Amino acid sequence: MSSFRDDILRGQVALVTGGGSGIGAGIAEALAAHGAQVAICGRTQAKVDAVAERIVAAGGESLALAADVRRPEALAAVMTAIEARWGRLDILVNAAAGNFLAPAAALSANGFGTVVDIDLKGTFNACKAALPLLQVRGGSVVNVSATLHYAGTPLQVHAASAKAGIDAMTRTLAVEWGPAQIRVNALAPGPIAGTEGMERLAPPQARARMTAQIPLRRFGTIAEIAEAALFLTAPASAYMTGAVLVVDGGQWLAGTNFLALLAE
């Protein structure tokens, strides 16, 4: 159960990119459960529709929009729809991401570029598109990053490079946009159960060894990441900007490198 008041985000409007599944969907539902009106976008209309329907069924208000974060014009249309519906935007969560396992020697330029385009460029595209609405009243941006780039993570040169860029972007935008009262922080999840990423990156036969290497001895949950995102958008973090909040059970501090197991 959440420790935040159910109405802590009452009157605020949020947009979650990559909100059709996994961590993005969990964050969208958490923000709605705590009073926000939530727009969600993703590449597949049916997926964002399903999340929006769950939010409405729970008593919230949601707008589902199909959009590819790699296309600035698509995000401009999303902002137009949000302004038409609610007249404001207070929170942006960038959760759209792509990933797969590939050794660098076998990774094509297109494969590398696709992940960078979705994760890094997509985050920038959404931030820039949201700026005109966010700067009216100030607001909060949460960029979903990762811990892959804290060490050399095999099979992940594309994703690690993109996430490192997101962290740098987060700090830069925090400085540039602070005078407009826009806070920009990042959230770095560790291994999270029930996500498409972990299904791809952590085969069942390796999970026992993986969890044994995490100080808290378990994978995290989508709900725990959603709670962390809620904190970064709530008044409790009002004096935080440019921070990267790591939520990984202590994995990276322990020096564990799960994908090294796969590389073996």
Side-chain angles (χ1 to χ4, degrees), residues 9 12-19 23-24 27-28 31 36 38-42 65 67-80 82-83 88-99 113 115-150 158-189 225-226 228-247:
L9 298 179
Q12 296 195 47
V13 174
L15 167 63
V16 181
T17 72
I23 287 172
I27 292 174
L31 298 181
V38 181
I40 51 179
C41 73
L65 301 160
D68 187 333
V69 296
R70 293 173 291 184
R71 297 176 54 227
E73 66 275 14
L75 288 167
V78 167
M79 302 307 163
T80 297
I82 291 172
E83 186 172 25
R88 62 188 293 165
L89 180 65
D90 306 278
I91 296 166
L92 169 64
V93 178
N94 287 302
N99 199 1
V115 171
V116 169
D117 284 347
I118 296 171
D119 290 41
L120 180 55
K121 291 184 181 179
T123 295
F124 174 75
N125 291 340
C127 287
K128 187 172 181 181
L131 180 59
L133 289 176
L134 289 174
Q135 66 187 2
V136 174
R137 299 175 183 83
S140 176
V141 177
V142 177
N143 298 323
V144 178
S145 184
T147 61
L148 297 170
H149 52 291
Y150 296 178
H158 45 342
S161 298
K163 297 302 189 182
I166 287 174
D167 287 0
M169 184 192 310
T170 296
R171 297 184 181 102
T172 301
L173 294 183
V175 173
E176 287 195 16
W177 294 359
Q181 300 303 303
I182 299 171
R183 299 188 299 113
V184 186
N185 293 293
L187 176 60
I225 300 304
L230 181 61
F231 165 69
L232 289 176
T233 62
S237 64
Y239 202 52
M240 286 179 62
T241 194
V244 179
L245 181 62
V246 177
V247 186

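Just so you know, these numbers use all the heavy atoms, side chains as well, and skip hydrogens, waters and symmetry mates. Just so you know, these numbers come straight off a predicted model, no measurement behind them.
- Separation of atoms CD (Glu83) and CG (Leu89) is listed at 10.0 Å; rounding is to 0.5 Å.
- For Thr241, there are no side chain to side chain donor-acceptor pair (under 3.5 Å) partners, not counting sequence neighbours.
- When Val142, Leu131, Leu15 are each tested for a side chain to side chain contact (heavy atoms under 4.5 Å, CB included) with Leu92, only one passes: Leu15.
- A donor-acceptor pair under 3.5 Å is formed between the side chain of Lys163 and the backbone N or O of Val144.
- Note: Leu230 CG to Leu9 CG = 5.5 Å, rounded to the nearest 0.5 Å.
- The minimum heavy-atom distance between Val16 and Ala95, with the atom names listed, is CG1-CB, 4.4 Å.
- Contact check for Asn185 versus Leu245: no side-chain heavy atoms found under the 4.5 Å cut-off.
- With hydrogens and angles disregarded, a donor-acceptor distance shorter than 3.5 Å links the side chain of Thr17 to the backbone of Ala96.
- Listed here is the closest heavy atom pair of Ser140 and Thr233: OG-CA, 3.8 Å.
- Under the rule for a salt bridge (charged side-chain N to carboxylate O under 4.0 Å, His left out), Arg137 has no partner lying at least two apart in sequence or in another chain.
- At a cut-off of 3.5 Å, with distance as the only test, no side-chain donor of Thr123 or Asn143 sits close to an acceptor on the other residue.
- The backbone N or O of Met240 sits less than 3.5 Å from a side-chain atom of Arg183, completing a donor-acceptor pair.
- Judged by distance alone, with hydrogens and angles left aside, the side-chain atoms of Arg88 form no donor-acceptor pair with the main-chain N or O of Ile82 at under 3.5 Å.
- Formation of a donor-acceptor pair under 3.5 Å by the Asn125 side chain with backbone atoms of Val69 is found in this model.
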- Walk me through it: do Tyr150 and Val244 pass the test side-chain contact (heavy atoms from CB on, under 4.5 Å)? CA-CA 12 Å; Tyr150 296 178; Val244 179; 3.6 Å; yes
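- Applying the side chain to side chain donor-acceptor pair (under 3.5 Å) rule to Asp117 yields the partners Lys121; only residues at least two apart in sequence or on another chain are considered.
- We find the SG-CD1 distance between Cys127 and Ile166 to be 9.0 Å, quoted to the nearest 0.5 Å.
- For the atom pair CD1 (Ile27) and CG (Leu232), the distance works out to 9.5 Å, reported to the nearest 0.5 Å.
- Applying the side chain to side chain donor-acceptor pair (under 3.5 Å) criterion to Lys128, with sequence neighbours excluded, gives no partner residue.
- At least one side-chain heavy atom of Gln135 sits under 4.5 Å from a side-chain heavy atom of Ile182.
- Contact between Leu148 and Ala159 at its shortest, heavy atoms only, is CD1-CB, 3.8 Å.
- Partners of Phe231 by ring pair (Phe, Tyr, Trp, His ring centres under 6.0 Å), not counting sequence neighbours: none found.
- Summarising the geometry of Ile40 relative to Ala28, their closest heavy-atom pair is CG2-CB, 3.5 Å, with the distance given to 0.1 Å.
- The shortest side-chain heavy-atom distance between Ile23 and Pro189 falls under the 4.5 Å cut-off.
- Checked by atom type and distance alone, the side chain of Asp119 never pairs as donor or acceptor with a backbone atom of Ala162 at under 3.5 Å.
- Within the structure, salt bridge (charged side-chain N to carboxylate O under 4.0 Å, His left out) contacts touching residues 164-182 (residues at least two apart or in different chains) do not occur.
- Between Ile91 and Val93, some side-chain heavy-atom pair lies under the 4.5 Å cut-off.
- Contact between Ala129 and Ala76 at its shortest, heavy atoms only, is CB-N, 4.5 Å.
- Residue Asp90 comes nearest to Gln12 through the heavy atom pair OD2-CA, 3.3 Å, listed as atom of the first residue, atom of the second, then distance.
- Residues Phe124 and Asn94 form no side-chain contact, since every pair of their non-hydrogen atoms from C-beta on lies 4.5 Å or further apart.
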